[in-house]
Protein chains: 4
Amino acid sequence: MRSETTTGRTFIEEARRRQFIDSAIETLDRLGFSGTSAAEVARGASIAKSALFYHFKNKDELLRAVVSDLYALAAQEIVKDMATADGPRQMLIRYIRSCVLFASAHPRWIGAAMEVIQNLRDADGALVFGAATNQPNIDAIEQMLREGQRSGDFRDFATRPMAVSIRAAIDAAPAYFAHEPDLDPGAYADELTALFDLATRRTEAKEDT
Amino acid sequence: MRSETTTGRTFIEEARRRQFIDSAIETLDRLGFSGTSAAEVARGASIAKSALFYHFKNKDELLRAVVSDLYALAAQEIVKDMATADGPRQMLIRYIRSCVLFASAHPRWIGAAMEVIQNLRDADGALVFGAATNQPNIDAIEQMLREGQRSGDFRDFATRPMAVSIRAAIDAAPAYFAHEPDLDPGAYADELTALFDLATRRTEAKEDT
Amino acid sequence: MRSETTTGRTFIEEARRRQFIDSAIETLDRLGFSGTSAAEVARGASIAKSALFYHFKNKDELLRAVVSDLYALAAQEIVKDMATADGPRQMLIRYIRSCVLFASAHPRWIGAAMEVIQNLRDADGALVFGAATNQPNIDAIEQMLREGQRSGDFRDFATRPMAVSIRAAIDAAPAYFAHEPDLDPGAYADELTALFDLATRRTEAKEDT
Amino acid sequence: MRSETTTGRTFIEEARRRQFIDSAIETLDRLGFSGTSAAEVARGASIAKSALFYHFKNKDELLRAVVSDLYALAAQEIVKDMATADGPRQMLIRYIRSCVLFASAHPRWIGAAMEVIQNLRDADGALVFGAATNQPNIDAIEQMLREGQRSGDFRDFATRPMAVSIRAAIDAAPAYFAHEPDLDPGAYADELTALFDLATRRTEAKEDT
DNA sequence: GATGAATGAGAGTTCATTCAT
DNA sequence: TATGAATGAACTCTCATTCAT
């Protein structure tokens, strides 16, 4: 009977969740994972601490939401960017560029998410967003790379170390954007794409850009 | 009259410090930064918790020791490895190779140190091992790169993004060594050196952008 | 909308604060300053120890409240008593009498407050209620004495040692009331007023009470 | 066989005890009772902490020694001063004067002893130097007062409150000497003796109650 | 005699979470 | 829905004391 979004939550409910998530992002960025207490998040949102546990089952669920909301947004934007890419080299270039520009658009959110990814653990001490979380990203890159090797666009290299390095280079970018806001993200993306294009392409035929 | 090491500590004192540091490394690796309580570290070392505070002024000092002991060892080994390198390209290759092999020799220690570096904060909430800690590494890489550009061995690229990416690729390695112990570190190093050699060198007899 | 007292606290908040303060007084009286742990105070109030830190920022604030609440009450009562005093001699007599009777009404509270005053130190090791706390009392007495000397009611003596001794005699009283509950406070006050009246008054004219 | 003092301790033993006691006095004066840890006392004496427990059964015994050594010295000096006093009035005056001058000679030691007297408690929470410690002093004063009343030198007053007040006035002096080193102790003593002489003596040629 | 090393008990404080209102 | 109040578990750290050397 009452107005609901597609998530099955009321608008007000949705609004409160966003308030808490936004405050969590800001707090994670400012004070880090272990400085991010429920009290601090609630204070930042100007809502009572106990309300947090009405909207989220527990603190972990809030932190997970910080990560998953970001992932959803990133996936959507990056997929859109890559839709029109043509050929393995362009796909890789588009992927790197898209990731870097996304990072430059949300440096603090990404920083916050990284705090959670690197620190949030379950009762056994295992990382909640462990290797399994980044693995799909790396797998996707590896698939692009193997595709390019099969098509002859890429030289013959071990795909795993290359994929890991590409992902690492992308993940290193947001820290720079966060602390050096004058950096030109486009130029930064250009450098990264050039780097990995040179590192991956087949070198025989030499008349490319 | 009493036997002392070069640090001004007795042997037994030195031994206890190592016990605690080793236990801290193991705990950081297993439970992460926020799971690493003084009680857990002491339990791992089978020594009373209060003894920890006899050997270290406080918990932070123990954690700092985890990092600084590693840094001291790494610097020593890497400098030794690079001593005989000849020319910019070889120097970069040696550097990367040396770092990767060092990482493969101490993956858990490095993982533990990273937990501390990314999480340990002072009373003001500022990271103790902040940007200032990794910056020297990146600066050193940048200097190598500029040297190579001046000598004509390297192509013309922005040195900062390249240095950041090199460091990121190196830092991403230990996580893999830790969880996939069958990985061949030498082969991994070969891939990385090839990657960045291709990305940096002046391409023969040609008009690169 | 919620019922509040003049302090800006809710009634229930105010009630809990009083519970803790009362328990602190009882504990200070029974076990002394260093025996008064947060755990013991909470146990005395039959409330969880952590609740203490919900109502008071820290233990020091609780202890300070023990003192300041007492001061507020004492000031109020003594000022009221002295309002109608006429002439220096009567003022001094009223002051002493009023202080002694107040002490006899709250001997344990005063003892508790003295524990705090004599022991509570800040981070630098300086007494929180240092000389500066008692000084105003002594200054007030000195002013009365000088007034009486100017008007010719009091003989010529050094005001400082006299004021210090008056205050000391008053402060010594509650310890007696605490341990000898049968003592008649009125008689005790009479003795003290006689003592200091004789010690201060001008002796020439001899037809006073 | 080895050289011993009258206390049954060797010279060196005696010397060490004094070192610890002196350091304890200094520490009590500087940091107060609860700041006076065994570690701090040992540091002040530049001796290992564990040595303290070789020379004293426990910390309490050290603190008790701070008090009892002072008492022994004080008793000796005051008795000597009073030996030649003649008549109740002179005796009281001599007593007050002697105490005040003694206080001015050892303000810090007295301050330290007071810290112990007011704070040291046994396992049950009872003051080790409780009422029972000061009582003899007060009793002695009371006896002087009663003597004077019997002989007709003193007027008729309740001896207990008077004795308590005299003792309190004496005890209040050292705090002033400690913080105002320019104060003239002789003058201070003169004021006190005048004060209590007037308060106690039979007023000439008159019909006091 | 004297020391460094070790320990258990307990200190103050924080925190995620619950619950009556 | 939202809040103030409360709690138990856990945390870092200090302390008096002991003991092998």
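Each chain gets a letter, A, B and so on, in the order the sequences are listed, and its residues count up from 1. As the structure is a computational prediction, the values presented were derived from the model and not from experiment.
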- line: Across every strand shown, the nucleotide meeting Watson-Crick or G-U wobble geometry with E:dA20 (both distances under 3.5 Å) is F:dT3

query: In the structure shown, which nucleotide is the Watson-Crick or G-U wobble counterpart of F:dT12, with both distances under 3.5 Å?
result: E:dA11

Between [options], which nucleotide gets closest to the side-chain atoms of [X]?
X	options	answer
C:A39	E:dA11, E:dA5, F:dT12	E:dA11
B:Y54	E:dG12, E:dG4, F:dT12	E:dG4
D:A38	E:dC15, F:dA16, F:dT14	F:dA16
D:A51	E:dA2, F:dA16, E:dG12	E:dA2

In whole Å, I'd like the distance from the [atom1] atom of [X] to the [atom2] atom of [N].
X	N	atom1	atom2	result
C:L52	E:dT13	CG	C1'	11 Å
B:L120	F:dT12	CG	C1'	14 Å
D:L62	F:dA16	CG	P	11 Å
D:K57	F:dA16	NZ	C1'	13 Å
A:I47	F:dA2	CD1	C1'	9 Å
C:Q19	F:dA5	CD	C1'	12 Å
C:F33	E:dA11	CZ	P	13 Å
B:L63	F:dT12	CG	C1'	12 Å

statement: Output for pair (A:K59 NZ, A:L52 CG), nearest 0.5 Å, gives 9.5 Å

message: Just verifying a value: how many Å separate A:F129 CZ and A:N119 CG, rounded to the nearest 0.5 Å?
response: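 It comes to 12.0 Å.
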
Side-chain N or O of [X] closer than 4.0 Å to phosphate OP1/OP2 of [N]:
X	N	value
B:R16	E:dG4	no
A:H55	F:dA2	yes
A:T36	E:dC15	no

- prompt: Could B:E40 and B:R43 be called an ion pair, given the rule that one side-chain N must be under 4.0 Å from one carboxylate O?
  reply: yes

query: Should the ring pair A:F56 and A:F20 be called parallel, tilted or perpendicular, given that the plane angle runs from 0 to 90° and is split at 30 and 60?
result: perpendicular

- prompt: Taking C:T27 for the side chain and C:T36 for the main chain, is one N or O donor matched with an acceptor at less than 3.5 Å?
  reply: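 Not confirmed, C:T27 side chain does not pair with C:T36 backbone.
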
- prompt: Within the modelled atom types, does a donor on one side and an acceptor on the other bring the side chain of A:K49 and the base of F:dT3 under 3.5 Å apart?
  reply: no

Would you classify [X] as touching base, sugar-phosphate or nothing, given that sugar-phosphate means primed atoms plus P, OP1 and OP2, and contacts are heavy atoms under 4.0 Å?
X	result
A:A48	sugar-phosphate
D:E13	nothing
D:S50	base

query: Is the CZ atom of D:R30 crowded by more than 12 outside heavy atoms at less than 6.0 Å?
result: yes

field: Pairwise 5' ranking along DNA chain F for C:I12 and B:G35, keeping only the more 5' one
entry: C:I12

